[in-house]
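One structure below.
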Number of protein chains: 2
Amino acid sequence: MAPLESTPPTRRRRTSARATHSLEKVVTTAIAMLDRDGIKGLTLRGLAAELGGGLGSVYWYVDGKEELLSLACDTLVGEALVRAAEPSGGQLPEDLRVDDPAIAAAVADLRRTALALFELAAEHRWLATRLHTQGAATDNAIRFWNRLGSALAAMGLTTRQQFHGSTAIIGYIVGVAAEMAAQDVHADPTRSKEEQLDAIAQAWLARDPADFGWIQSIADEFRDHDDDEQFVAGLDLIIGGLVRQALEQRG
Amino acid sequence: MAPLESTPPTRRRRTSARATHSLEKVVTTAIAMLDRDGIKGLTLRGLAAELGGGLGSVYWYVDGKEELLSLACDTLVGEALVRAAEPSGGQLPEDLRVDDPAIAAAVADLRRTALALFELAAEHRWLATRLHTQGAATDNAIRFWNRLGSALAAMGLTTRQQFHGSTAIIGYIVGVAAEMAAQDVHADPTRSKEEQLDAIAQAWLARDPADFGWIQSIADEFRDHDDDEQFVAGLDLIIGGLVRQALEQRG
DNA sequence: ACCTGAACACCGTTCAAGT
DNA sequence: ACCTGAACACCGTTCAAGT
């Protein structure tokens, strides 16, 4: 997992008397359109229309669709960083409780950071997919990585463990978020969430148990699962492993 | 993480005297083109040309580009299933060794299965990204999930732990694979891998330590990292957590 | 400095027509 | 049954021209 070289965006000035829109406005409405129509649904013509301007005007602020998507991602990851810095009242789950206060504090911070990004990806269903094809190319993505890694360092892990642990967590967050978002795209808006989950489970049960026996055995579990809970469960699996490493390291 | 309903592909007959190509041939050359040019680089016109036919002929075998990509994914996941079933001589790492032979065998199977999919994603750098937007919609994807879950069941976990564990591992595999593949797309072919990693590390070291201190501290670790090793390290973090759950469950 | 819109190249998809 | 290729709709991007 190698991030790209960080390319500091060459921002144009946004303070001008004649500007009908600003870089910020362009990115903000692009995000709104992405939330509504997805990545393919965002067209530069549509964006220009929404902004009340001509097609070409967008190109004055942004180099093209790719850069626009990068800026949108960077903005939202920045928002995740803000949320991660806010205090959270949540208790740690039982298996992650450690007596060492330094480790406990680091774990809490780690969890809060991871959850902040997951939350944002849940709110913006296109974000995770795009984050993947982008890697750690934008500034805020690196800052996010830096924050996550700092927590691992505070746990007392070796640099190698920090490196591996940080990329594992980021891969997990974005991976699970992308998978959860994917289902929404194909969802049938005429049916409720419960109906759709049930239909999937039904389809499983109709298949050959020789090939799909296990899937059938968890159909009930699947029918009333919760995305957030599922995400946290997997996250705590990884964090649990890191805590073990930290305790071993401490000695 | 809710997979879509499985849609059994309505395959057309491929045994015909006049057919100049078959469904299999279409999908195979599509995969070859995807490996070479990526998802955006695969055009139906290019594919038709490669097959030596007209543009429209592709549509007789496949409903469109989306279905073509689904079939390509399904084929490769099927290949992963084949590899996962092959015996492997690898030893388990130290922290995953358990005296209980049933758990040990299940863990080895789990690891082999996960590695098989990761390997395929490494060989086909577009696969992971596409798997994400697709979910568990194709038959082989569900079979893969079924195989992974069966191993978790064999470890003696609760159904809930099996469900959460299986989706965590799949999210991790595809997530990390997608992130690793992303870097390749943006890679500069004129420079060696080492040069590129070094350039990235250099760029980090030039930034403000206040924001990027931790990243800078792992620059050396990053410079000579290995993707496979990195993947396995994170995977074993998750599996380690599952083993702990299994041992607790056993009593 | 900031914006316009025609023009271009390039897609995926459809479909009437062929064998 | 299987294939062809023109035609269509819709993109992203460029650019000469405007204010």
Side-chain angles (χ1 to χ4, degrees), chain A residues 9-31 33-34 36-73 126 129-130 133-134 185-186, chain B residues 9-31 33-34 36-73 126 129-130 133-134 185-186:
Chain A
T10 42
R11 301 190 175 266
R12 282 85 171 184
R13 63 180 55 198
R14 45 176 104 165
T15 47
S16 163
R18 281 187 62 240
T20 62
H21 30 272
S22 62
L23 213 209
E24 210 184 326
K25 180 82 181 161
V26 169
V27 174
T28 302
T29 69
I31 291 175
M33 292 188 70
L34 285 164
R36 199 185 337 117
D37 307 321
I39 290 184
K40 274 189 181 172
L42 170 69
T43 68
L44 297 187
R45 287 169 222 271
L47 178 59
E50 198 110 340
L51 289 165
L55 167 59
S57 74
V58 179
Y59 278 86
W60 197 87
Y61 292 92
V62 158
D63 257 355
K65 190 172 180 177
E66 283 298 303
E67 204 200 62
L68 181 60
L69 288 169
S70 285
L71 288 170
C73 274
W126 52 274
T129 307
R130 177 65 202 183
T133 73
Q134 210 161 286
V185 179
H186 304 96
Chain B
T10 43
R11 301 187 177 268
R12 284 88 171 182
R13 61 180 56 199
R14 46 177 102 165
T15 48
S16 163
R18 282 188 61 240
T20 62
H21 29 271
S22 62
L23 213 207
E24 211 184 322
K25 180 83 182 160
V26 169
V27 174
T28 303
T29 69
I31 290 174
M33 293 188 69
L34 284 164
R36 199 187 335 120
D37 307 320
I39 291 185
K40 273 190 183 173
L42 169 70
T43 68
L44 296 187
R45 286 169 222 270
L47 178 60
E50 198 111 340
L51 289 166
L55 166 60
S57 75
V58 179
Y59 278 87
W60 197 87
Y61 293 93
V62 157
D63 258 355
K65 189 170 181 179
E66 282 298 304
E67 205 201 61
L68 182 60
L69 288 169
S70 285
L71 288 170
C73 274
W126 51 275
T129 306
R130 178 64 201 183
T133 73
Q134 211 161 283
V185 178
H186 304 96

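Within every chain, numbering begins at 1; the chains are lettered A, B, ... in the order of the sequence lines, protein sequences first and strands thereafter. Owing to the predicted nature of the structure, the values given are computational and were not obtained by experimental measurement.
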Of the listed nucleotides D:dG12, C:dG12, C:dC2, the one nearest the side chain of A:Y61: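 Shortest atom-to-atom distance from the side chain points to C:dC2.
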Hey, what do you get for [atom1] ([X]) to [atom2] ([Y]), rounding to the nearest 0.5 Å?
X      : Y      : atom1 : atom2 : result
B:Y59  : B:L44  : OH    : CG    : 4.5 Å
A:R130 : B:T129 : CZ    : OG1   : 11.0 Å
A:L42  : A:L47  : CG    : CG    : 6.0 Å
A:T43  : A:D37  : OG1   : CG    : 8.5 Å

Sugar-phosphate, base or nothing in reach of B:G64, heavy atoms under 4.0 Å: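 Answer is sugar-phosphate: B:G64 comes under 4.0 Å of backbone atoms only.
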Rounded off to whole Å, could you give me the [atom1]-to-[atom2] distance for the [X] and [N] pair?
X     : N      : atom1 : atom2 : answer
B:W60 : C:dG12 : CH2   : C1'   : 20 Å
B:L44 : D:dT4  : CG    : P     : 14 Å
B:K65 : C:dC10 : NZ    : P     : 15 Å
A:L47 : D:dT13 : CG    : P     : 12 Å
A:R45 : C:dA6  : CZ    : P     : 11 Å
A:D37 : D:dC11 : CG    : P     : 11 Å
B:L55 : C:dC15 : CG    : P     : 14 Å
A:L42 : D:dG12 : CG    : P     : 7 Å

Nucleotide paired to D:dG12 in any strand shown, Watson-Crick or G-U, under 3.5 Å: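 D:dG12 is paired, partner C:dC8.
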Pairing nucleotide - C:dT19, Watson-Crick or G-U, each distance under 3.5 Å: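 When the pairing criteria are applied, D:dA1 turns out to be the nucleotide that pairs with C:dT19.
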Side-chain N,O (B:Y59) to OP1/OP2 (D:dT4) below 4.0 Å: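 Answer no for this pair, as no side-chain N or O of B:Y59 is under 4.0 Å from OP1 or OP2.
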Distance below 4.0 Å between A:S57 side-chain N/O and C:dC2 OP1 or OP2: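 Negative; the distance criterion is not met.
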Pairwise C1' distance for C:dC2 and D:dA17, with rounding to whole Å: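 To the nearest whole Å, 13 Å.
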Check: B:K25 side chain, B:L51 main-chain N or O, donor-acceptor pair, under 3.5 Å: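 Such a contact is absent between B:K25 side chain and B:L51 backbone.
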